[in-house]
Amino acid sequence: MKKYIIANWKSHKNLSEVAYWLNNFPNNEESRSALTNLEIVLAPPYPFLALAKEIIESRQLPIKLAVQDLSAFGSGSFTGEVSGHNLQDLHIEYAILGHSERRRFLTETSQLVADKVGEALSWKIKPILCLDKPYFAEQARFLPDMTAEKCFLAYEPVAAIGSGLAEDSGNLLEIRKELTPIYGSKILIYGGSVNADNVGAFLQVCDGVLLGGASLSLNDFVDLLFAASQSIV
Ligand code: PEP
């Protein structure tokens with residue numbers, strides 16, 4: 001099975017920076033065949049999704065698109081929200097939901113995150129449900145069983161995010177053991193200070209990684225992709 005490399009650009013980059021990154025993403029035969037064992041997912045800011053789709057399609061890049069959030073309310077009079085309907089035709093395959101920054105700075109509750117998960121599934125968008133330990137059990141209580149079934153789980157210890165202090169990859173086996181009785185057997189992603197040097201260790205123990213900082217510079221990201229790909233051959 002392919003390993004997931006999920007890049008979350010958060011509120012970084014403007015239009016020309018997005019175009020530069022995507023127009024310079026390596027796409028020769030050598031790099032294409034080297035990266036076939038990876039599912040590369042990119043979550044740009046909303047305003048650049050259409051541009052990203054256009055460049056990905058025109059250059060036939062092996063990159064899938066994700067959103068960093070999704071409205072729980074559906075389409076209608078919800079100023080500033082982005083609904084599943086708004087995203088139709090943009091080929092969005094994944095939604096990063098319940099990120100700790102949204103729980104912390106935008107006071108998202110586990111109920112709201114659960115509603116967003118339901119909304120994503122109703123639009124056939126795969127939810128990547130972000131969880132730190134305090135939310136393992138709490139979040140599950142708000143998710144109907146059938147909903148939890150279809151989630152990817154992203155274990156993201158808050159202390160590791162953006163700090164340069166990644167969790168010990170050995171702990172991921174224990175984390176999987178804690179999550180499985182609650183959510184069942186799921187695709188498990190790790191996020192928090194992953195870089196080209198430690199990505200291989202994480203891919204030995206989980207199904208993919210979620211990146212913030214290491215996805216911003218194209219060179220750093222490509223180095224990480226090659227390190228990831230080589231670590232799983
Ligand atoms: C994140 O914010 O989800 C994240 C993993 O960030 P970073 O890679 O910068 O730690």
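Ligands are counted one by one from 1 in listed order, and the atoms in each one are counted from 1 as well. Side-chain atoms are counted along with the backbone in the values below, which use heavy atoms only and exclude waters and symmetry mates.
Among residues two or more places apart in sequence or in another chain, the ring-ring contact (aromatic ring centres under 6.0 Å, His included) test is passed with F73 by F78. With sequence neighbours left out, S100 forms a side chain to side chain donor-acceptor pair (under 3.5 Å) with no residue at all. With sequence neighbours left out, the ring-ring contact (aromatic ring centres under 6.0 Å, His included) criterion links W9 to W21.
For the pair R103 and Y135, the cation sits on the ring face: its NZ or CZ lies under 6.0 Å from the ring centre, inside 45° of the axis.
Here CZ of R141 is found 9.5 Å from CD1 of I182. Values are rounded to the nearest 0.5 Å.
Distance alone, capped at 3.5 Å, places no donor-acceptor pair between the E108 side chain and the V113 backbone.
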I'd like a table of the close N/O pairs between ligand 1 and the protein (anything under 3.5 Å), one pair per line with both atom names and the distance.
{"from": "ligand 1", "atom 1": "2 (O)", "to": "K10", "atom 2": "NZ", "distance (Å)": "2.4"}
{"from": "ligand 1", "atom 1": "2 (O)", "to": "H99", "atom 2": "NE2", "distance (Å)": "3.0"}
{"from": "ligand 1", "atom 1": "3 (O)", "to": "H99", "atom 2": "NE2", "distance (Å)": "2.8"}
{"from": "ligand 1", "atom 1": "3 (O)", "to": "E156", "atom 2": "OE1", "distance (Å)": "2.9"}
{"from": "ligand 1", "atom 1": "3 (O)", "to": "E156", "atom 2": "OE2", "distance (Å)": "2.8"}
{"from": "ligand 1", "atom 1": "6 (O)", "to": "G212", "atom 2": "N", "distance (Å)": "3.4"}
{"from": "ligand 1", "atom 1": "8 (O)", "to": "G212", "atom 2": "N", "distance (Å)": "2.8"}
{"from": "ligand 1", "atom 1": "9 (O)", "to": "G213", "atom 2": "N", "distance (Å)": "2.9"}
{"from": "ligand 1", "atom 1": "10 (O)", "to": "G162", "atom 2": "N", "distance (Å)": "2.7"}
{"from": "ligand 1", "atom 1": "10 (O)", "to": "S193", "atom 2": "N", "distance (Å)": "2.8"}

